[in-house]
Amino acid sequence: MTGNDIIIVLSRGTTPMGSTAVKSHDITTSADTIEKASATQKDWREYIAGRKGWSVNMSYLVSVAKIQWELLVGDTFNVTIADRNFNYRLTGTAILETAKQTYTVGNLAYGSFVLKGSGQLDT
């Protein structure tokens, strides 16, 4: 599987805002750890899992239609990450936390997003 086999769809409600094969993306999930007191451990710390979170960092090639996406920072989107046949997918709601676009003379324009998950990431 390559990045070209993965599609990310950003939508508001049922209206797709953008869909693209991925140039590059990272999906990160994390869990807090909470230290707990232990009756059996005097010198060593013990932990339990706390709240979970997720985020998606995505890189893309900029087109004229995507230039104004910089203005969408702070907006909430439904996010679907799926294979090209939509047999396997992850879905969730996320806030566009960071948007960056780079324009260099003689090179392709590219951009990146950081979408911070708000709530559960589902299959």
Could you report the tightest heavy-atom contact between [X] and [Y], atom names first, then the distance?
X      : Y      : result
Leu72  : Arg12  : CD2-NH2, 3.5 Å
Gln120 : Asp122 : NE2-OD1, 2.8 Å
Val73  : Ala99  : CG2-CB, 3.8 Å
Lys116 : Ser55  : CA-CB, 4.3 Å
Gly111 : Val62  : N-CG2, 3.7 Å

Beyond-backbone contact of [X] with [Y], side-chain heavy atoms, under 4.5 angstrom:
X     : Y      : result
Val56 : Ile8   : yes
Glu35 : Glu46  : no
Lys52 : Asp32  : no
Phe77 : Asp75  : yes
Asn57 : Phe113 : no
Ile7  : Thr80  : no
Thr76 : Thr93  : yes
Phe86 : Val9   : yes

- Should Leu90 and Ile6 be regarded as members of a common hydrophobic cluster, given that ILVMFWY residues are connected when their side-chain heavy atoms come within less than 4.5 Å of each other, either directly or indirectly?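 Yes, it is one cluster - the side chains of Leu90 and Ile6 are joined through contacts under 4.5 Å.
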- Query: Are Leu121 and Ile95 joined in one hydrophobic group, where the rule is that I, L, V, M, F, W and Y side chains link up if heavy atoms are under 4.5 Å apart?
  - Reply: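 Leu121 and Ile95: separate clusters.
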Are the side chain of [X] and the backbone of [Y] linked by a donor-acceptor contact shorter than 3.5 Å?
X     : Y      : value
Trp54 : Gly119 : yes
Asn78 : Gly13  : yes
Asp83 : Asn85  : yes

- Query: Given Met58 and Leu115, is the side-chain contact (heavy atoms from CB on, under 4.5 Å) satisfied, shown in steps?
  - Reply: CA-CA 8 Å; Met58 184 175 93; Leu115 295 154; 5.5 Å; no
- If you round to the nearest 0.5 Å, how far is OG1 of Thr102 from NZ of Lys100?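 The distance works out to 4.5 Å.
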- Message: Please report the interatomic distance CG(Asp26) to OG(Ser59), rounded to the nearest 0.5 Å.
- Response: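 OG of Ser59 is found 8.0 Å from CG of Asp26.
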